Amino acid sequence: MPTPAVRRFALVDVDSCFAACERIFHPDLYGRPVVVLSNNDGCVVARSREAKALGIKMGMPWFQIRAFAESRGVVARSSNYELYGSISARIMAILRDFSAHVEVYSIDEAFVGLYGSPREIDETAREMRRRVWRDLGVPVSIGIAPTRTLAKLASHGAKHSPGLGGVASLDCYVPAQVDAILEATEVSELWGVGRRFAKRLAALGIENARQLREADPALIRRRFNVNLQQTALELRGIPCIEIEERDVDRQHQIMYSRSFSTPVSSTTEMHQVMSIYAQKVTRRMRRQNTVAGALWAFASTAWYKEPFSRIFGAVALTPRTDDPVVVLRAATAVLLPQVDSNCAYVRAGICLSDLSLGETATPLPIFAPDPNAGRLGRLIDKVNASVGEGSLGLGLAGLAAPPDWTMKREMLSNRGTTHWSELAVVG
DNA sequence: TCTGGGGTCCTAGGACCC
DNA sequence: TCTGGGGTCCTAGGACCC
């Protein structure tokens, strides 16, 4: 008798994604401990398996562990999101060869909907894993289950049990075994349960996933919120969490924010920061063809240094716009008056919200304030794309040499999949 | 000396409307 | 003197994700 077909979610997760991407064009790094650092080469944001084994933790400041790490042969890289994004897109393309239902959840994870007998689904998952490794040289783990929450849990198993060959399916276990797995899983390890909720759940005597599954869903809803109730129901095998594809037109806000390599205190410098950030953030919008109806700008001192200080201001943009001139004017108007020259600001940002698609927001001609609005931004993009980033800028941003405060990325790898001039060289 | 950068969703409470 | 019962919208704050 044939096994009945079932619907399953396969969570495909790249193992140590950023470190794996760094290895693609540097095969000598396979088997060596690799860490990837945040902007400004500040702290560790990704670690290879070997680096984890050395006890290097997520978020550790690089300056604190550098001597130790280097003595153990750890290779550090500045984060190269352009490279990772490009590799991610290739992985997703491979997954789409196996299913029409691929939900890209983050740069290194996707849920893939699969249909068939448990055995067929398991074989498909193993083939996906082989293909990604063969075509890109990147290892992935895959967890298979009836709900997304359980698939996430299964993928942890796939990652940490070498005997499974990188693929773990809950269908391989009888109910008593699943119970045991859930019992061995602390609630804080579950997708959707953070430290705060874990603490409050513990106060109710709910410490592991099995206990959460068996808790009264109405109580969970009442004491916490609907999200946690859904997590609890998903543990029972009832799918109820949907992933919204992050379509451009559904994104609610776009932010550009960076830390500086050296602090900024003067209004002049902050103006320069805003000039550059206004161009960066509006360029993202133009790429997506969106316009924003509201803006907020902020700057802050270092949070780990007393006294912490943060300034911000918000303003509506009427009509909606993606024009860097308008955005810059708005950002400086709300922020600069608050700049305190006694403060050492280490970070600033511009956030645009109330987004909508460009075409739908074009005002009637008689209401359009300036027939040329919006064209300047595209012109700047075009010039910079053809003759080089930073060639043409707005206000104080048109600078041939980067200002002192721009972020530090001293160990940046080549962007070998997106820039001709940075192609890998063989020989 | 040196500590990331994005996002989303839910809830409670107030203002306001009929 | 009596003092309803909905509904919407907005905002701030809290929680979570990678």
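Numbered from 1 within each chain, the chains take letters A, B, ... in sequence-line order. Keep in mind the model is a prediction, meaning the values are calculated, not measured.
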Between [X] ([atom1]) and [N] ([atom2]), how many Å, whole number?
X	N	atom1	atom2	result
Arg310(A)	dG13(C)	CZ	P	11 Å
Leu228(A)	dC16(C)	CG	C1'	10 Å
His252(A)	dC9(B)	NE2	C1'	9 Å
Arg148(A)	dT8(B)	CZ	P	18 Å
Glu109(A)	dG7(B)	CD	P	18 Å
Arg258(A)	dT3(B)	CZ	P	15 Å
Glu234(A)	dC16(C)	CD	P	17 Å
Glu242(A)	dC16(C)	CD	P	22 Å

Tell me which donor-acceptor pairs under 3.5 Å the side chains of residues 291-304 of chain A have, and how far apart each pair is, sequence neighbours excluded?
| from | atom 1 | to | atom 2 | distance (Å) |
| --- | --- | --- | --- | --- |
| Thr301(A) | OG1 | Ser309(A) | N | 2.8 |
| Thr301(A) | OG1 | Ser309(A) | O | 3.3 |

Would you mind listing every side-chain hydrogen bond (donor to acceptor under 3.5 Å, both in side chains) that reaches into residues 50-65 of chain A, with sequence neighbours excluded?
->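 Checked against side-chain hydrogen bond (donor to acceptor under 3.5 Å, both in side chains) - neighbours excluded - the pairs reaching residues 50-65 of chain A are Arg23(A)-Glu50(A), Ser48(A)-Glu50(A).
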Got a sec, which residues hit side chain to side chain contact (heavy atoms under 4.5 Å, CB included) with [X], two or more places apart in sequence or on another chain?
X	value
Ala316(A)	Thr318(A)
Asn80(A)	Glu22(A), Glu82(A), Leu83(A), Tyr84(A), Leu412(A), Ser413(A), Arg415(A)
Arg7(A)	Tyr115(A)

Sugar-phosphate, base or nothing in reach of [X], heavy atoms under 4.0 Å:
X	result
Ile254(A)	sugar-phosphate
Asp108(A)	sugar-phosphate
Gln253(A)	base

Salt-bridge contact Arg131(A)-Glu127(A) (side-chain N to carboxylate O under 4.0 Å) =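 Result for this pair is no, no salt bridge flagged.
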Taking everything shown except Glu186(A) itself, do over 12 heavy atoms lie less than 6.0 Å from its CD?
->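 No, because the 6.0 Å sphere around CD of Glu186(A) holds 12 heavy atoms or fewer from other groups.
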For Ile91(A), the option from Val104(A), Val14(A), Asp108(A) that meets side chain to side chain contact (heavy atoms under 4.5 Å, CB included) |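 Going through the options one by one, the only one that passes is Val14(A).
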Which nucleotide in the set dC18(C), dT3(B), dA15(C) lies at the smallest distance from any side-chain heavy atom of Cys43(A)?
->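 My answer, after comparing the listed nucleotides, is dT3(B).
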Minimum-distance nucleotide to Met255(A) side chain [options: dC18(C), dA15(C), dG7(B)] =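 Closest nucleotide to the Met255(A) side chain: dG7(B).
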Would you indicate, yes or no, if [N] has its OP1 or OP2 atom less than 4.0 angstrom from a side-chain nitrogen or oxygen of [X]?
X	N	result
Lys280(A)	dG5(B)	no
Ser38(A)	dT3(B)	no
Lys152(A)	dC16(C)	no

Row check, Phe68(A) ring normal vs Arg72(A) NZ/CZ: under 6.0 Å, within 45° =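 No; the conditions do not both hold, so Arg72(A) does not lie above the ring face of Phe68(A).
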Can you name the salt bridge (charged side-chain N to carboxylate O under 4.0 Å, His left out) partners of Asp28(A), sequence neighbours left out?
->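 Scan of Asp28(A) (salt bridge (charged side-chain N to carboxylate O under 4.0 Å, His left out), adjacent residues dropped) gives none.
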Taking atom types as modelled, is there a side-chain donor on Asp13(A) or Ser141(A) under 3.5 Å from an acceptor on the other?
->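 No.
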Sequence neighbours left out, what pairs pass salt bridge (Lys or Arg N to Asp or Glu O under 4.0 Å) with at least one residue falling in residues 333-357 of chain A?
->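 Qualifying pairs, neighbours excluded: Arg320(A)-Asp354(A).
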Side chain proximity check, Arg148(A) to Tyr105(A), heavy atoms < 4.5 angstrom |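 Arg148(A) does not reach Tyr105(A) side chain to side chain.
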Structure string for DNA chain B in dot-bracket form, Watson-Crick and G-U at under 3.5 Å, | interchain = ....||||||||||||||
dC16(B) versus dG4(C) - spacing of their C1' atoms, nearest Å =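 One C1' to the other, the span is 16 Å.
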Less than 3.5 Å apart, which donor and acceptor atoms pair up between the side chains of residues 220-229 of chain A and the rest of the protein, not counting sequence neighbours?
| from | atom 1 | to | atom 2 | distance (Å) |
| --- | --- | --- | --- | --- |
| Asn225(A) | OD1 | Asn227(A) | N | 3.0 |
| Asn225(A) | OD1 | Leu228(A) | N | 3.0 |
| Gln229(A) | NE2 | Pro217(A) | O | 3.4 |

Close approaches to DNA chain B from residues 56-69 of chain A, in residue order (heavy atom, under 4.0 Å) |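 Of all residues in residues 56-69 of chain A, the ones placing a heavy atom under 4.0 Å from DNA chain B are Pro61(A), Phe63(A).
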Which ones in residues 207-227 of chain A lie close to DNA chain B, meaning a heavy atom under 4.0 Å from one of its atoms?
->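 Only Asn225(A), Val226(A), Asn227(A) qualify.
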Could you list by number each residue of residues 188-197 of chain A showing a heavy-atom separation from DNA chain C of less than 4.0 Å, or answer none if no residue does?
->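 Leu190(A), Trp191(A), Gly192(A), Val193(A), Gly194(A), Arg195(A), Arg196(A), Phe197(A) - these, ordered by number, are the residues of the stretch whose heavy atoms sit under 4.0 Å from the strand.
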Kindly say whether the aromatic ring centers of Phe9(A) and Trp191(A) come within a distance under 6.0 Å.
->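 Not under 6.0 Å, so no.
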